[in-house]
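Here the structure is laid out as structure tokens; the discussion comes afterwards.
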Protein chains: 2
Amino acid sequence: MTFHHKKGKTTVSDTERAPPIRTAPVKITDVAAAAGVAPMTVSRVINTPDRVSPETTARVRAAIERLGYVPNLIAGGLSSRKSRMVAAIVPTIAHPMFAGLVQSFSASMRQAGYQVMLSISGYDQTDDEALFHALLGRRPDALLITGSAYTPGALQMLIEARIPVVEVWDVSSRPIDMVIGFDHAHVGREVADFLLGKGYERFASLSARDSRALTRARGFTERVAAVGKPLVLEQTTCAPSTAGAGRDGMRALRPLLDQPCGLFCSSDLMAFGVVTEARVQGVALPAQLGVVGFGNFEFSEVNEPPITTVSPEGSGTGRSAATLLLRRLAGERASDNDRMQVPFRIVERATT
Amino acid sequence: MTFHHKKGKTTVSDTERAPPIRTAPVKITDVAAAAGVAPMTVSRVINTPDRVSPETTARVRAAIERLGYVPNLIAGGLSSRKSRMVAAIVPTIAHPMFAGLVQSFSASMRQAGYQVMLSISGYDQTDDEALFHALLGRRPDALLITGSAYTPGALQMLIEARIPVVEVWDVSSRPIDMVIGFDHAHVGREVADFLLGKGYERFASLSARDSRALTRARGFTERVAAVGKPLVLEQTTCAPSTAGAGRDGMRALRPLLDQPCGLFCSSDLMAFGVVTEARVQGVALPAQLGVVGFGNFEFSEVNEPPITTVSPEGSGTGRSAATLLLRRLAGERASDNDRMQVPFRIVERATT
DNA sequence: CTGAAAGCGCTAACAC
DNA sequence: GTGTTAGCGCTTTCAG
């Protein structure tokens, strides 16, 4: 039980002033009075315990415990000009990549004493200025943003906020501050090497016609060309990738499969269509056809057969973003280390 | 361009005091001075515009615009004792139900001017007191929590915080304040009715042995019994549900399928195993067997055939939670309307 | 409709 | 080690 009625100056009677039951929330002066010390000493016990004598610390701790004191970080933040909150803006959390990003980023930040304010922006950038206004008004100590299509006014606000910013995933040509980018071309090259390592001698690419998917496809085909292997099919379809497009692609590919072929699809959804149609057509996976998708969607693992895919590591990215920001928050200056890549890995399953 | 050097009392020279480049952040007094009004008037223009004359408003607005003023909501919150932030605690955002919940909850709250502080707790309740401490220290105006396994100390903190709390999804017997629960038994009954409506005359249930799944299964079997139809198989396996358990269940069910049968699985993962094994065994869906899962996982839609399932509506829940909290924040007292149910729907696809 | 004074609860900076 | 003073940037309250 924690009853306590230490109201400073009671000009009118308590019962007249205060709402019936509600006891006033405990504040630092209450604790200080209970422990017989100055408020500042209580503050020190909480924030810099090594600067207080053990005896005093014990007395104060006891008072804190007894009163159930929860320091008001809003007040502390105003005074110290540090909110110990960071804002994060993501387009969605429905995608595993972003879910992983948010999850690991908040875990890392919380461990360092920061709380994450999450904003889900959707993919349309309408009224990003209003969003930034609402966020920056809370004076976060740092900011994580994903994607880069922001209006000039919004960007100006970010710059004037003068806090560390890390941009993740989709990086503009002119970054604001720190950056964690994703090397789509590199993914394509790695997939080519992976399939080459599996012994495939002929290759094919199925890609949606969006710029990042095309960059991956180009990395793939260029690598294949570089090692002098034939590309039997290179097909692009309207974005976004769909399972239907994958089935169509498989039908186009079917007549060309007199020899084993390694196929890179621009997304797992497309790969799923390919695999499904392959079953219908009686194409043996991975003997006649090796299939690699992109995205590591949930169904790729559960599908029969499970689909080999490229998994951009959201959680690694979240940790890295936290690391970059925390470095800055610890006072480190901008440097060459402020650029990183989103890690990815090829998850090998039954289609290769 | 927004240069301005309106520092109140400059005892020493500006250049000596201020860090080289960094211009001081704009505050309300700067705007007031620029507009030739009192700070309070600027505050009114922002918060209660109808109480300020149009001319003054225009002057102040212009000054705000020109200086790029972003009000410090931390300071405002300290003064007004309203943070306009709400805290949300979820075990994960990897599950579509929780992702939908968070997404729609934050959208609804943001629309009302509240920012969400998200905490992902994981499923282990270790140090929830530390988590609550970090959260409540930021003085959120309200709280959304999911699940109910909190330590007594943590619950005590919640109660002493005296803010509206809504518990979602998994509801303790003794709720703290408002509640949005999920009626598992009702789901089971609805699934039974749905399959009855499809014309199945014999039924089966496959469930993991966790209490909520079992409640759903019981709702299902009791309904089937109530209408006098036979239950040909009722199998439970160790939690959690797996695709493997689904395949095993299908093998057990195979010899009993001389007549069409309606099957309810405790999760989509299990339903997926069933569907996969049915293909191997040459069982026709939905003619010989109707399959309903639970959870509406991504793969259920993409699978071939797509799986009929029960979808707990995260987004509806998030909106409802926001509605409940906003009602309270608007001053409404506790009432019978403080209890709601998580809505769900049966998503009909190819397996029924 | 506008302004002045007095804090909100805490901590930086400086005494002792 | 500990206390005192003076704000952090805003809003409440009350006076015009």
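Chain naming here is simple, since letters A, B, ... match the order of the sequence lines and numbering starts at 1 in each. As the structure is a prediction and not an experimental result, all values here were calculated from the model.
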Worksheet item: So, is B/Ser43 close to the D/dC10 phosphate, meaning a side-chain N or O under 4.0 Å from OP1 or OP2?
Response: no

Item to complete: Report the residues that fulfil side chain to side chain contact (heavy atoms under 4.5 Å, CB included) with A/Ala334, sequence neighbours left out, ordered by chain and then residue number.
Response: A/Arg328, A/Asp338

Worksheet item: Which residues, if any, of residues 74-83 of chain A bring a heavy atom under 4.0 Å of DNA chain D?
Response: A/Leu78, A/Ser79, A/Arg81

Discussion item. On the nucleotide D/dT11, are OP1 or OP2 found under 4.0 Å from the side-chain N or O atoms that B/Asn47 carries?
Written reply: yes

Item to complete: Applying side chain to side chain contact (heavy atoms under 4.5 Å, CB included), name anything that partners A/Ala142, two or more places apart in sequence or on another chain.
Response: A/Val86, A/Pro164, A/Leu325, A/Leu329

Worksheet item: Using rotation axes that map the C1' atoms of four end pairs onto the next four (five pairs an end), what angle separates the end axes of the helix from C/dC1-D/dG16 to C/dC16-D/dG1, to 10°?
Response: 30°

Do any side-chain atoms of residues 69-84 of chain B form donor-acceptor pairs under 3.5 angstrom with protein atoms, and if so which ones, sequence neighbours left out?
from    : atom 1 : to       : atom 2 : distance (Å)
B/Asn72 : OD1    : B/Ile74  : N      : 2.8
B/Asn72 : OD1    : B/Ala75  : N      : 3.1
B/Ser80 : OG     : B/Gly76  : O      : 2.9
B/Ser80 : OG     : B/Lys82  : N      : 3.4
B/Ser83 : OG     : B/Met85  : N      : 3.2
B/Ser83 : OG     : B/Arg139 : O      : 2.6
B/Ser83 : OG     : B/Asp141 : OD1    : 3.4
B/Arg84 : NE     : B/Gly113 : O      : 3.4
B/Arg84 : NH2    : B/Ala112 : O      : 2.8

Practice prompt. Examine D/dC10: is either OP1 or OP2 under 4.0 Å from a nitrogen or oxygen in the side chain of B/Tyr69? Give yes or no.
Written response: yes

Discussion item. Are the side chains of A/Tyr150 and A/Ile89 in contact, using a 4.5 Å heavy-atom criterion?
Written reply: yes

Response to the item:
For B/Ala99, the side chain to side chain contact (heavy atoms under 4.5 Å, CB included) test, sequence neighbours excluded, returns A/Ile93

Practice prompt. With sequence neighbours left out, write down each residue that passes ring-ring contact (aromatic ring centres under 6.0 Å, His included) with A/Tyr114, or none if nothing qualifies.
Written response: none

Practice prompt. Would you kindly give the CG-to-P distance between A/Leu73 and C/dC10, to the nearest whole Å?
Written response: 9 Å

Worksheet item: Of the residues in residues 51-64 of chain A, which ones touch DNA chain C at a heavy-atom distance under 4.0 Å?
Response: none

Fill in: B/Thr41 side-chain N/O to C/dT2 phosphate OP1/OP2 under 4.0 Å
no

Worksheet, complete the sentence: Sorted by chain and residue number, the side-chain hydrogen bond (donor to acceptor under 3.5 Å, both in side chains) partners of B/Thr57 (sequence neighbours excluded) come out as none

Show me the side-chain donor-acceptor pairs of residues 35-46 of chain A shorter than 3.5 Å, one per line, residues at least two apart or across chains.
from    : atom 1 : to      : atom 2 : distance (Å)
A/Ser43 : OG     : A/Asn47 : ND2    : 3.4

Write down the protein N/O and nucleotide N/O pairs, taken from nucleotides 13-16 of chain C, whose separation is under 3.5 Å; answer none if there are no such pairs.
none

Discussion item. Test of understanding: with side-chain hydrogen bond (donor to acceptor under 3.5 Å, both in side chains), list the residues that count as partners of A/Ser315, not counting sequence neighbours.
Written reply: none

